[in-house]
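First comes the structure, then the notes that go with it.
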Amino acid sequence: TNVSTMTVSGNNRHGSGDFYQQFNYSVSTPWITVYQINFSAMWHMANTSGASSSINFSIWNSGMTTQYCSINRTVTSDSGWNKETLSTGAGGCLLTSFTLGTNYTFRLRCALNTQSVGGASESCRWDNASVIVYYLDTTPPVVQNGSESSDPVEYGSPINFSANVTDNVAVDTVKIE
């Protein structure tokens with residue numbers, strides 16, 4: 001299992017209205033199989049007016065015509081800082097397979113109520129947003145120029161093996177079984 005992370009930090013919005021931030025990911029490598037994507041962020045909704053506001057996390061196709069899954073939170077008072085994670089491997093998400101060459105859009109949307117009560121203001125803040133892609137490398141490593149120490153080997157003597165091992169992603173460890 002390998003992991004690729006795209007992280008964006010530090011954005012805020014104050015005042016009333018509707019705004020969003022989005023991130024895009026494209027499945028562009030033929031030798032990997034994506035099997036799960038997590039979209040998460042820290043968020044804080046300050047709503048001092050008592051009116052209902054919301055924050056929504058969603059995953060879409062790149063044309064924003066198909067929504068695969070979403071989480072919506074509604075607040076009527078200060079929420080404090082929260083962390084939300086939307087996972088393609090969890091309940092209710094329609095995105096279960098990822099196609100090569102397909103672009104996916106991850107959207108964080110704040111809908112602030114436009115009412116202001118007694119001059120009170122609202123704000124929606126987010127930080128440390130990330131899209132984490134879990135994938136499997138489907139191309140095996142290449143083993144070349146294998147050799148071992150010469151025969152005969154005496155009992156208790158070490159045996160040396162050597163080989164050149166390469167991979168299209170990375171080689172962390174080589175084991176002989």
Side-chain angles (χ1 to χ4, degrees), residues 1-12 20-44 55-73 80-110 125-177:
T1 300
N2 298 295
V3 177
S4 172
T5 305
M6 172 174 55
T7 303
V8 178
S9 295
N11 196 358
N12 325 230
Y20 64 90
Q21 177 67 47
Q22 63 189 39
F23 316 95
N24 296 303
Y25 171 74
S26 177
V27 180
S28 59
T29 312
W31 61 81
I32 66 169
T33 300
V34 174
Y35 67 91
Q36 182 175 330
I37 299 177
N38 290 347
F39 172 36
S40 65
M42 297 292 296
W43 64 273
H44 177 216
I55 188 162
N56 176 272
F57 290 77
S58 56
I59 301 176
W60 298 74
N61 66 341
S62 62
M64 300 291 288
T65 57
T66 302
Q67 180 177 311
Y68 299 109
C69 47
S70 68
I71 296 173
N72 193 65
R73 300 291 182 245
W81 281 98
N82 298 277
K83 182 173 183 176
E84 201 71 59
T85 299
L86 181 58
S87 175
T88 59
C93 191
L94 301 176
L95 185 59
T96 56
S97 63
F98 304 88
T99 307
L100 183 65
T102 302
N103 294 307
Y104 299 97
T105 298
F106 304 86
R107 189 175 199 191
L108 184 152
R109 177 177 174 255
C110 290
R125 298 179 181 181
W126 65 268
D127 200 0
N128 298 321
S130 65
V131 175
I132 301 173
V133 179
Y134 297 90
Y135 63 92
L136 300 174
D137 180 2
T138 57
T139 303
V142 176
V143 180
Q144 297 176 327
N145 304 325
S147 65
E148 72 277 348
S149 57
S150 59
D151 274 338
V153 177
E154 293 184 27
Y155 179 77
S157 298
I159 300 173
N160 295 316
F161 294 92
S162 66
N164 292 327
V165 181
T166 57
D167 188 65
N168 58 338
V169 176
V171 176
D172 292 333
T173 304
V174 176
K175 296 179 182 180
I176 298 175
E177 294 181 356

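Because the structure is a prediction, the values reported are computed rather than measured. Along the sequence shown, residues are numbered consecutively beginning with 1. These numbers come from the heavy atoms of this one structure, side chains and all, not from hydrogens, waters or symmetry mates.
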Which atom of S70 lies closest to which atom of L86, heavy atoms considered: CA-CD2, 4.0 Å
In short, S58 meets Q67 closest at the heavy-atom pair CB-CD, 4.2 Å
Strictly distance-based, threshold 3.5 Å: is any side-chain N or O of N72 a donor or acceptor partner for the main-chain N or O of F57? no
Hey, what's the ring geometry for F23 with F39, parallel, tilted or perpendicular (30° and 60° as the breaks)? perpendicular
Answer whether the closest heavy-atom distance between the side chains of W43 and L108 falls below 4.5 Å. no
Restricting to non-hydrogen atoms, name the atom on Q36 and the atom on T88 that form the minimum distance, rounded to 0.1 Å. CA-OG1, 3.4 Å
Run the side chain to side chain contact (heavy atoms under 4.5 Å, CB included) test against M64 and tell me which residues pass, sequence neighbours left out. Q22, W60, T105, R107
Straight-line distance of I55 CD1 to R73 CZ, nearest 0.5 Å: 10.5 Å
Please answer whether the main-chain N or O of N145 pairs with a side-chain N or O of N164 as donor and acceptor at a distance below 3.5 Å. no
Rounded to the nearest 0.5 Å, how far apart are NE2 of H44 and CG of N82? 8.5 Å
Suppose we screen for side chain to side chain contact (heavy atoms under 4.5 Å, CB included). Which residues come up paired with S157, at least two apart in sequence or across chains? V153, E154
Rounded to the nearest 0.5 Å, the OH atom of Y104 sits from the CG atom of N24 at a distance of 12.5 Å
Taking every heavy atom of P140 against every heavy atom of D167, the minimum-distance pair comes out as C-OD1, 3.8 Å
